[in-house]
Every structure is written in C-alpha cells, then in structure tokens.
Q: 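Mind having a look at this structure? Questions to follow.
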Amino acid sequence: MPALLDRDVKYLKGVGPKRSELFGKLGIKSVRDLIYHLPRDYTDFSNTVSIAEAVWDEYNAIEAEVVYRERPAMIRRGMTIFKVLVTDGADDMTVIIYNSKFLYESLEIGKSYVFFGKVAGTLTRKEMSSPRILSSSAGDKLQPIYPLTAGLSQNVLRVCLKNALSEITPEETEILPEDVLKECKLMPETAALKAVHFPKTREEAAPARRRLAFDELLVLRLGMIEIREHSRRSTAYSFENSDIAPFLAALPFKLTGAQQRAISECAEDMKQRSPMNRLILGDVGSGKTAVAAACCYIAVKNSAQAVMMAPTEILASQHFEALKSFLEPSGVRVGLLTGSTGKKRKQEICEAAASGDIDVLVGTHALFRDGIEYNRLGLVITDEQHRFGVEQRAKLSGKGNNPHKLVMSATPIPRTLALMIYGELDISVLDELPAGRQKVDTYAVTGKLRERAYAYARKELDNGGQAYVVCPAVEESTSDLKNVADYAAELENGEFRGYRIGVLHGKLASPKKEQVMKKFKDHELDVLVCTTVVEVGVDVPNASVMIVENADRFGLSQLHQLRGRVGRGQRRSFCILITDNVTEESKKRLRVLSSTSSGFEISEADLEIRGPGDFFGSAQHGLPPLKIADLAADKELVKQAQETSEKLKDRLYGPECEILRNRVYKLYESDRAEMS
Ligand code: ADP
Ligand code: MG
C-alpha cells in the first residue's frame, strides 16, 4: 500500500477529479507533490493602516467594515464590476472586485475585513482594486501566495494545503537521518513544511525555507553523484601508458605546476577501467590547451583516437593550430573538420578517421554529424561545454565505446557552483598562470577620457602593437549603444584614420569571420572592431590594447574574458573599459576588475552581484530549475549540502534514506530511463 503522501492528490479532502486536473497543470500529482508546492511569498495582513494613512499607489493593508454593496455593473460581455463601500470609522473607501460574484457576496455587511492591495482613486474617494481579503477574525495574519493556474484560487490551494499538512508524519516526510539533522542543525521536515506554508511571522518562515533549500541542493547533488557513479560502472579504454616525456620534450615551454597536476589527474583517470569525466576549470590564459594536448598524446600512445570539439570555427582552427604544433613533433597526426571544410577534404578526413590514419581530430559540431565513424575513439574533449546543450553532451558521450571525457571551461566559476553545475564531473583547477605573464593594466573611465584612450592606443599601434575595440551591438540599434558597423566607420575616419581596421561579429558568415581573424593574427590588420565573438579563446599574442565600449553592458566574467585577449605575449598590455553609466553599482562592478586579475575572484563577485541566473543563463547549464535554493545567496548552504552529500552517498541505499532516495530518483527520472 502506498504511503498516504504518495496517494493521488484527487483523493485528498477538498480536491476531487476536476481540481486534480488543474493541480496536474502545476505539476502536482500526489499529495507529496502538493505539500512541496511552496508559496512564492506571503501577504501580510497584520500591519494595518487607516484609510487616511494609506499610501497612494502602494500596497497597504486596511482593516475596514463593509457598509454597502453596490449593484453589479456589467461593462461588457464577461466583465462585471462589483463595488463595495467600506469604512474604518473615520473614512470611506471603495473596494472594486472584478468578475468574482462569489467574493462579492461573501463580504457581509457590518462585518470587518482586512483588505490588502494598491490604493488609488480620486482625491475625495480612495479605491482599492482586486484586493486580497481576509476576515478580521481569521487567525493567520500572514497568508501564503502560491503559484497558480487558471481555475485555481489562492483560497482553494490554502484549504487543500491545510488538509494535506494536517496528515503528514515524520515517518513519511523526513528525508534525513536523525544524526544528519543534528549535525547540520536543521529543523525537522514536518515542522519546516508547516512553517513555510503557514508561518506566524516572516521570521518563522526563514529557517523553514532554509531547511527545504538544503534538501533541494542535497537532492540535486546526490543526483549528480548518482549519474557520475553510473557512468563509472561502464567500461572504457584504459590507458596504461602515461609516459608523456617525449611530448614534454617537444613542448616549447615548461608546464606550470597547475598544468602538471591537472595532467596527472587526467592520466590517473584514464588508467581506470571506467571512463574519465573531468572538468578542467581554468582561468583565461592558464594553458588549458596544453593540458588537452597531453591527454591526446596519452590516448594516441595507447592506440586510441581523440577528438576535440570547440563551439566556433575560429576556436576550432585555433585549437587545431595549437595541437598540431604541440603534437606533430612527436609524430601525432592531427586533422581539422568544421562546417566549412570542403566536400572533398571532408571525405578524406572521414576516411582517415575511420581507418585510423588520423589520431586527433579537431572541429566543431561537424565532428559529430551523423555518418562520421571513428576507428578507435578513446577520448572526447569539449571546450566551453556550457555552450553545448544537454542533448549534444549526451550525443557526445554516446559515441564510440564509452570514451574518456574531458571538458574545458574558460569561464572560471566558484568551485561550489562548479560542483553544482558540472556536478557529474571531477574537477581539476588551473589557478596558476604561466611564468612571466604580465598583469594587464585595467582602467575604467568615462567617455570624457575616450580621446586619451585612443591616443594611447595609437601609440601602441605605432610601436607595432595591435588593438581590439569591443562594442555591445552589431548593427545600428535604436539605443545609443555603440555598434560595430557604425563605430568601425567612425574610427576609420577619426581616431584610427590611416590604420588598418577589420570588423568581426557573429552575423558575418563563417568563412568571412575566419578570414578577418586570420588577417588580424597575421598582423595585416592593426585594429579589430568586434563584438564579444572574440571573448573566448582567441589567441593573438601581439595584441596589447583592449578597449571596451559600453563596458557596463557586459558581465564581469565576460569582461575578464575579453581582457584575457591581451597580455598573451611579450607586450605590456592595457584594458580600458569605457562607460558613461556611473551608477554606484556599475562603478563597484568595474572596480572589481581593476583590483584583481583572478578569474575565480571575479566570478565570485559576479555571482554575488548578478546572481546565477544571469551569470550563465539557466538554459546554458542544463540544471533542473531550483525552486527554493538560490546558488548565489545560499552559498554556505550549498557548501553544507555538498559536504553532507559526500557523507550520505554511501548510505543512500539503506532503509533510513528511502524517502531521500526516491526524491533523488524523481529528479532524474527521465535520465535514469535513458541510463538503464
Ligand atoms: P587558455 O587556458 O585560456 O585556453 P591557452 O591554452 O590558449 O590558454 O594558453 C594561452 C597561451 O599560453 C598560449 O599561447 C599557450 O601556448 C601558452 N602557454 C600555455 N602553457 C604555458 C606554459 N606552461 N608556459 C608558457 N606558456 C604557456
Ligand atoms: Mg582556450
């Protein structure tokens, strides 16, 4: 017999078949689903003011007695207005209700209610439209506000929740073992649920919410661990030979300590009988490509092939150049395949991949178009994974005989967040820049100093340097944002007259993009006016000036990425952020950039200021949406949930964790179906 809580919600008192359908639209199928349908906020009926005190055009709670109900007025089909006159003894107010005859009739003359809503009207008569209404005699002055669907009212949800909550028991509800509750100082689940739905005060709701947010994070994390463990159970190649001495000998530089550590971690993973699932989390310029190359080398020395996938053609061809230079000296054959590879060449490459004549293939999504077969694909590397959708990730891991997987992210993010977003991966951090790398001098200035900035840039160009000018918009827009097309023309006739200017943005066709980028790289251009397409990975060591227009329009991590395009060679480099938006917040943000060159610190600040939604765009990381927890605000809780997940993961299969386990499974229901 299923537990009470797992009954279909239609059997709950007050629900029935009709309403249960509406509940279904909210994702509520069982009584358990219902009790986790949490209020998004509360209406506070306790701080009442008099009609005279009520602040115009703001929300007020007003306690008043019903004096008179006007005749309903139908203004058009389907729109009836009900007006009710109320008084607080000193003043009158008109309460306006749209369409709800039921609500109108439930207001009894001579009885007192609290009306909560925005106050408007004329000077002589205040009005409140569509207020929330509570009888003065009601006990709970703090009323939950639930996410709704058409046909369901707050009131119905409240009543159903009261009914459901009256039935819950710790045995059916508590997801955590006693010792964990104690250790983490969490309130019991039943108490938390009751308090979060019907708190006496907002203060009472806070720890309850915290408890439920903790659950949510813990469940998510355990789900990730579950996926990770699952993929570990599968077989793959095991690369016994991890001697990279010949590779190192051919490398034009000495690896940093962080690079060495990352490579050993990868080598150790790839020795196992289960596939590697590792993320290289590295700051801009920390040398992720060399780590990737070393892994390719190991794969090839163990008679396997490797592919490396980049999100854009520019990046793919750059990776190709880099891998070729690192690997060809030790006899590794590297190929490039992108959407713009010619038909004949493509044919050749496909044949070489299938026969094993190519060891390492670099490219874009074209690498995994249907039809490309590999001879012995043992390692898949993706760059900038968060730009690839979940589907593509799945497709990738499905290729070959469950290959080792390495993911490189150029977006340094706080480790705690990385654990959540890339939760199924092990993580190596490259937090050290190669020796001799210079700090990029960064200045945030207003448009008043633009001329000086450009004068400075010209001096660099005259000395043989190159400059990027980044604008937020591609073409003319109605706003006053700088756009690439106009601005390039403006500079050509003004500040940069006589210099060779190129234009680069996402709307150009790929071959054109490649061409411009190559020209800039070969120093056939002095200035590149561009959008953020240069943000990731582009490597032109001779560039030493980065000017960003409308800098306040970019995220901090994005600006850090942009800044990382300079300071990659011998030249002392500068990054000038121009903005006329001088609000305190934008100043504060830009100051972070001038004060540190650590991508990890910057991302921490970025996360704090903007929140994780903006930070990544939830569509980009493929996480299930968090209902309660907030990755930015609940940092401590995230950490605590992570620590707890490590302790609990081995106990997850015991009887004490049954409810918890079911929640973890539920989270990944569709994934699990695919996995097994
Ligand atoms: P990112 O981590 O941003 O992708 P890259 O792999 O593009 O960084 O490396 C940035 C630059 O630093 C490249 O020109 C690369 O050849 C160089 N590089 C990488 N590792 C080292 C090192 N250990 N010492 C010196 N230069 C290095
Ligand atoms: Mg890179």
Side-chain angles (χ1 to χ4, degrees), residues 244 247-264 266 278-297 308-329 334 360 362-364 381-388 406-413 418 427-440 466 468 517 520-521 532-544 546 557-571 573 575 597-600 602-603:
I244 56 168
F247 165 80
L248 293 178
L251 211 57
F253 44 74
K254 193 175 167 301
L255 292 177
T256 65
Q259 283 172 316
Q260 287 173 23
R261 263 195 311 280
I263 293 171
S264 335
C266 292
R278 186 167 286 279
L279 171 72
I280 304 284
L281 199 55
D283 208 340
V284 196
S286 57
K288 290 183 283 292
T289 321
V291 174
C295 292
C296 290
Y297 182 86
M308 178 156 170
M309 182 155 107
T312 66
E313 300 213 352
I314 294 178
L315 281 176
S317 42
Q318 199 173 280
H319 282 323
F320 170 65
E321 296 298 333
L323 289 191
K324 213 161 64 160
S325 77
F326 294 155
L327 291 168
E328 274 189 348
V334 186
V360 177
V362 184
T364 52
I381 302 173
T382 48
D383 194 5
E384 303 300 321
Q385 172 171 21
H386 67 262
R387 300 190 171 210
F388 294 114
L406 184 65
V407 176
M408 298 194 292
S409 170
T411 316
I413 53 176
I427 299 178
S428 296
V429 177
L430 293 186
D431 51 2
E432 182 184 347
L433 294 185
R437 204 54 73 71
Q438 301 180 22
K439 187 170 159 283
V440 176
Q466 284 167 281
Y468 294 98
M517 206 54 232
F520 188 63
K521 201 164 180 165
T532 51
V533 287
V534 295
E535 178 190 340
V536 259
V538 173
D539 192 22
V540 181
N542 191 53
S544 53
M546 166 63 68
S557 294
Q558 209 172 14
L559 289 172
H560 178 64
Q561 287 288 336
L562 288 171
R563 173 168 67 179
R565 298 307 109 215
V566 297
R568 299 173 79 85
Q570 300 307 312
R571 292 181 168 276
S573 299
C575 175
S597 51
S598 156
F600 290 96
I602 288 166
S603 68

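All ligand and atom numbering here is 1-based and tracks the order in the structure. In this text, all values refer to a predicted model and were calculated from it rather than measured experimentally.
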Q: Return the minimal non-hydrogen interatomic distance between A294 and I244, and the atom names on each side.
A: O-CG2, 4.3 Å
Q: Decide whether the shortest distance between a heavy atom of D283 and an atom of ligand 1 is less than 4.0 Å.
A: yes
Q: Between F326 and T289, what is the shortest heavy-atom contact and its length?
A: CE1-C, 4.4 Å
Q: I'd like to check whether A290 has a polar contact with ligand 1, where a contact means an N/O of the residue lying under 3.5 Å from an N/O of the ligand.
A: no
Q: Find all atoms of ligand 1 within a distance of less than 4.0 Å from any non-hydrogen atom belonging to T289, and give their numbers and elements.
A: 4 (O), 5 (P), 6 (O), 7 (O)
Q: Contact between G282 and ligand 1, counting heavy atoms under 4.0 Å?
A: no
Q: Only heavy atoms of L255, strictly under 4.0 Å: list the atoms of ligand 1 that pass.
A: 23 (N)
Q: Do you know which of E432, H560, Q561 makes side chain to side chain contact (heavy atoms under 4.5 Å, CB included) with D283?
A: H560
Q: Examine Y468 together with F520 and report whether their ring centres are nearer than 6.0 Å.
A: yes
Q: Answer yes or no: does an N/O atom from P434 fall short of 3.5 Å to an N/O atom of ligand 1?
A: no
Q: Donor-acceptor pair, distance only, cut-off 3.5 Å: does the side chain of Q259 make one with the backbone of A290?
A: no
Q: Heavy-atom distances under 4.0 Å are what count here, so tell me which part of T256 touches ligand 1: side chain, backbone, both or neither.
A: both
Q: For K254, counting its heavy atoms only, list the atoms of ligand 1 lying under 4.0 Å from any of them.
A: 22 (C), 23 (N), 24 (N)
Q: Considering the heavy atoms of V284, write down every atom of ligand 1 situated less than 4.0 Å from one of them.
A: 3 (O)
Q: Just by modelled atom types, is the M408 backbone N or O under 3.5 Å from a matching donor or acceptor in the K288 side chain?
A: no
Q: Using a 4.0 Å heavy-atom threshold (strictly under), name the region of Q259 that reaches ligand 1: side chain, backbone, both or neither.
A: side chain
Q: What is the distance from atom OG of S544 to atom CD of Q570, rounded to the nearest 0.5 Å?
A: 12.0 Å
